[in-house]
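Here's the structure we're looking at; comments come further down.
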Amino acid sequence: MIDLKLLRENPELIRMTLQKRGAQLDLDEIIKLDKNRRACITELQELKKQRNALSEEIGKLKRRANKPEELMEQARTLAEGVKTKENDCRQIEERFAELVQWLPNIPNDSVPVGSGAESNRFVRGLKAPPKPGFEVLPHWEICEALDMLDLKRAPKISGSRFILYKGMGALLERALINFFLDLHTTKHGYTEVFPPVLNPTHCLYGTGQLPKLESDMYRCHDDEFYLSPTAEVPLTNLHREEILPGKMLPIKYVAYTPCFRREAGSYGKEVRGITRVHQFNKVELVKYTAPEHGYAEFERLLEDAEAAVKALELPYRIMLLCTGDMTFASAITYDIEVYSPGMDEWLEVSSISCYEQYQARRANIRYRKSVKGVDFVYTMNGSGLATPRTFIAIVENFQTEDGRIKIPAVLKKYMGVDSIGK
RNA sequence: GGAGAGGUGGCCGAGCGGUCGAAGGCACCCGCUUGCUAAGCGGUUUCUCGUCGAAAGACGGGACGGGAGUUCGAAUCUCCCCCUCUCCGCCA
C-alpha cells in the first residue's frame, strides 16, 4: 500500500510510477473516489454527532421518568439517515479499496527504468562467465549418471517440474539447507523460524502477492489457504497488526521452507532439468527495521546473501533490477545470479528486495518511536539462498573431467565426503 | 469432530442497555513532598479516521476478539465467525 497522502498531494509521482512499471490503472478514478469517500465520511460523522446528542438527551430525560416521545421520533429519523449514509460510504470505500490495492510501490530513485532484463544494471561480481577447460555436462545428465536425481520417476508422484532428489543428491540438498541456516544464524545474527507454509488469504495481501499473483499460487480447495510461494509470507506477516517497541528493531529472521509456485505461463521455457519447478527449498532472510536505518540494513542483507554464494565458491554476479523486472511491492531489488556452465546461463539464486513501508502499510506493522509517535517499519527480504539453482551451480561448476563432483569446502562437514562419484 | 468455559487498555481485573475510552490494581512517565536500602501525594499515559492548520494542535467520528443485527442509544441483548483453555472422540 502506498501512502494515501501522496494520492492527494503528489499524484504526478504515482502517475510516473505507473508509467515506469508499465501498469495500467485509472488514477483519476482513484483520486475521485478518494475525494468522494472523504466527503461521505464527513457527512456521516455530522449525522452521527447529531444522533449522539439526541440520544444523550433522551437518556437524561428518561432517568427523570419522562417519556420524550417526540425526541425519540426525531432520533429514529436520524438513525435511518445514518444507516443510509453508512451504506453509501461503504460502497465508495469498497470500490476505492479494490482499486488502491492494485497500486504498485514507488521505485527507489536509483532503480533504472526499463521493461526487461536488458535494462538491469550490473552491480558487482563476474563480468564474464568463467570458461571451464572441458565440456561440462548439464546438471540433468551428471545427476542422472550419479543417481542424485530421479527425473523420470518424479512425474509419477507429482507431475512434471517436480524434483526428486536421491542418494547423494538428497544429501547435498539437505547439506545446503543446513549450511545456509547455520551461516545466517551463527555468522549474521538471524533468529531461526520454522513457520507453517499454508497461509490464509489476508497474509498474501499483506506481503503483496495478492491480488496480482493469484494465478501463480496454489490455493486450497476447501479452506482459505494458499501454499506459500516464499517464506517471506509467513515471516513478514508474523508481526502483522502489531506496534513493535522501537528497541526491538531491527528484527532479523531466517527460515527454511519449501516454496510452491504454479509457474503458470512459463511453459516452454526452461523445460529441462530443475531450473524452474513447482516446489523447491529456500532459506529466506527477512528484516524489519526503522525507516532511517532501512537502506543501511538493506545493503547488509544483500551482503548476507552474497556471503552464501561466496562461501560456496560459485561464480556469481549481482544485478540491480529495472522497474519492469521488479515485483509489484518492491521499491528496489537486487538479484544474485550464479553461472551454469552446463547450460551457459546465469541463474537467479537470490532476489533481495526492500519494500520500504509498502508491506508494512498493507499488513499494518508499526513501531513506537523513541521520542513520540508510531510509524510503519521498513520490511525487506532476500533468499539466502534458493536451493535448486544453487544445486545446479554446484554440480556443474564443481564437476571434474572424469565425471565426479567435488564438494565445496564449507559443505564437507555436512556431507562427510570430499566428492561424489567413483 | 462433540461438550463446556472464556476473550475488556502495556499487564492483571471490574463492568446495571444511557455522562464507560471504560472502576480498581500494577507498570510507566511528570511534578510535589519527605528523606535513606525507599515511601507518600497529585497528575499524565492508547490507536484510528475525518475536518481545519505550514506546524504545534484544535474540534469531531470510531475502536472492549472479528462481523452482522435489535435499539433513539450496545462492552453490556441476539446471530455468525475466529482464537484460547478443559474434557471426550479421532489421527499422522
Side-chain angles (χ1 to χ4, degrees), chain A residues 1-10 30-101 157 194-206 220-227 234 237-249 251 258 290 357 360-377:
Chain A
M1 178 80 71
I2 58 156
D3 187 352
L4 291 184
K5 254 189 263 162
L6 286 175
L7 207 56
R8 292 156 212 164
E9 290 163 13
N10 197 354
I30 297 178
I31 291 168
K32 200 181 91 196
L33 279 168
D34 180 49
K35 226 170 247 162
N36 290 348
R37 69 174 255 283
R38 284 182 293 142
C40 194
I41 288 169
T42 305
E43 288 166 30
L44 174 63
Q45 288 182 352
E46 181 52 35
L47 285 175
K48 281 189 174 176
K49 189 179 166 183
Q50 289 175 27
R51 183 200 62 187
N52 291 350
L54 256 186
S55 291
E56 201 180 318
E57 191 59 28
I58 292 170
K60 276 183 193 158
L61 291 172
K62 278 212 165 177
R63 254 168 288 147
R64 282 190 242 122
N66 290 326
K67 284 190 89 185
E69 289 296 348
E70 219 172 287
L71 283 188
M72 283 175 70
E73 188 49 46
Q74 268 184 53
R76 250 189 290 274
T77 319
L78 215 41
E80 288 291 314
V82 167
K83 208 159 273 180
T84 312
K85 187 57 80 177
E86 261 173 352
N87 272 326
D88 294 350
C89 288
R90 188 177 322 132
Q91 276 184 24
I92 299 171
E93 189 67 49
E94 273 168 14
R95 176 86 185 121
F96 177 71
E98 158 113 19
L99 290 180
V100 154
Q101 68 179 354
I157 51 176
F194 207 160
V197 294
L198 232 47
N199 303 120
T201 309
H202 59 262
C203 284
L204 280 302
Y205 276 98
C220 292
H221 182 73
D222 285 327
D223 300 284
E224 276 298 305
F225 286 122
Y226 287 84
L227 270 72
N237 280 285
L238 201 53
H239 293 291
R240 58 179 301 118
E241 309 290 340
E242 282 188 40
I243 299 177
L244 302 160
K247 57 176 180 289
M248 223 170 126
L249 302 176
I251 296 172
Q357 295 178 314
R361 276 202 193 85
R362 286 187 160 228
N364 203 19
I365 309 165
R366 292 170 293 168
Y367 77 107
R368 203 169 291 282
K369 296 198 255 188
S370 52
V371 189
K372 200 190 170 205
V374 295
D375 195 10
F376 293 103
V377 297

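Chain identifiers are assigned alphabetically (A, B, ...) following the order of the sequence lines, protein sequences preceding nucleic acid strands; residue numbering begins at 1 within each chain.
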B/G6: pairing nucleotide in any strand, Watson-Crick or G-U under 3.5 angstrom: B/C83

Euclidean distance for C1', B/C16 against B/U76 (whole angstrom): 9 Å

Distance below 4.0 Å between A/Arg76 side-chain N/O and B/C72 OP1 or OP2: yes

Touch class at under 4.0 angstrom, heavy-atom based, for A/Ile58 against every strand present: base

Distance, rounded to the nearest Å, where A/Gln74 contributes CD and B/U71 contributes C1': 17 Å

5'-most by nearest nucleotide on RNA chain B - A/Leu44 or A/Arg90: A/Leu44

Nearest-angstrom distance, P atom, B/G40 to B/C26: 9 Å

Pairing of A/Lys85 and A/Glu43 as salt bridge, 4.0 angstrom limit: yes

A/Glu9 and A/Leu6, any side-chain heavy atoms less than 4.5 Å apart: no

Nearest-nucleotide comparison on RNA chain B, the residue closer to the 5′ end among A/Gly59 and A/Ala79: A/Gly59

Who pairs with B/G53 - Watson-Crick or G-U, where each distance is under 3.5 Å: none

Sugar-phosphate, base or nothing in reach of A/Lys85, heavy atoms under 4.0 Å: nothing

Side-chain heavy-atom pair A/Cys220, A/Leu227 within 4.5 angstrom cut-off: yes

For B/G21, the Watson-Crick or wobble counterpart (both distances under 3.5 Å): none

Atom C1', compared across B/G43 and B/C47: separation rounded to whole Å: 22 Å

Within-4.5 Å side-chain heavy-atom neighbours: A/Ile30 and A/Phe96: yes

Nucleotide forming a Watson-Crick or wobble pair with B/U76, both distances under 3.5 Å: none

Integer-rounded Å distance: B/C82 P and A/Glu224 CD: 12 Å

Distance between C1' atoms of B/U37 and B/C30 (Å, rounded): 24 Å

Distance, rounded to the nearest Å, where A/Lys247 contributes NZ and B/C28 contributes P: 12 Å

Salt-bridge present (A/Lys48, A/Glu86; N to O < 4.0 Å): yes

Gap in Å between the two P atoms, one belonging to B/G10 and one to B/U48, rounded: 12 Å

Atom pair distance, as rounded to whole Å: CD in A/Glu80 and C1' in B/U71: 12 Å

Validation row: A/Arg37, A/Cys89 side chains within 4.5 angstrom (heavy atoms): no

Whole-angstrom distance between B/C12 and B/G7, as gauged at atom P: 12 Å

N/O (side chain, A/Lys83) to phosphate O (OP1/OP2, B/U70) under 4.0 Å: yes

Length of the line joining A/Lys48:NZ and B/G61:C1', which is rounded to integer Å: 7 Å

Interatomic spacing from CG in A/Asn36 to CZ in A/Arg95 - rounded to 0.5 Å: 12.0 Å

Between P of B/G10 and CE of A/Met248, the distance in whole Å: 15 Å

Close side-chain approach of A/Arg76 to A/Glu73, heavy-atom, < 4.5 Å: yes

Identified pairing partner of B/G42, criterion: Watson-Crick or G-U wobble below 3.5 Å: B/C30

d(CZ, A/Arg51; P, B/G60) in whole Å: 16 Å

Between B/U34 and B/G50 - P atom distance, rounded Å: 50 Å

A/Asn52 side chain near B/G73 phosphate (N/O to OP1/OP2, under 4.0 Å): no

P atoms of B/G9 and B/U46, separation to the nearest Å: 15 Å

Between P of B/G66 and CG of A/Asn364, the distance in whole Å: 14 Å

Nucleotide-resolved protein contact map, nucleotides 46-56 of chain B, B/S/- at heavy-atom distance under 4.0 Å: SSSBBS-----

Residue matched to B/C47 through Watson-Crick or wobble contacts both under 3.5 angstrom: B/G62

Short N-O contact, A/Asp375 and A/Arg366, less than 4.0 angstrom: no

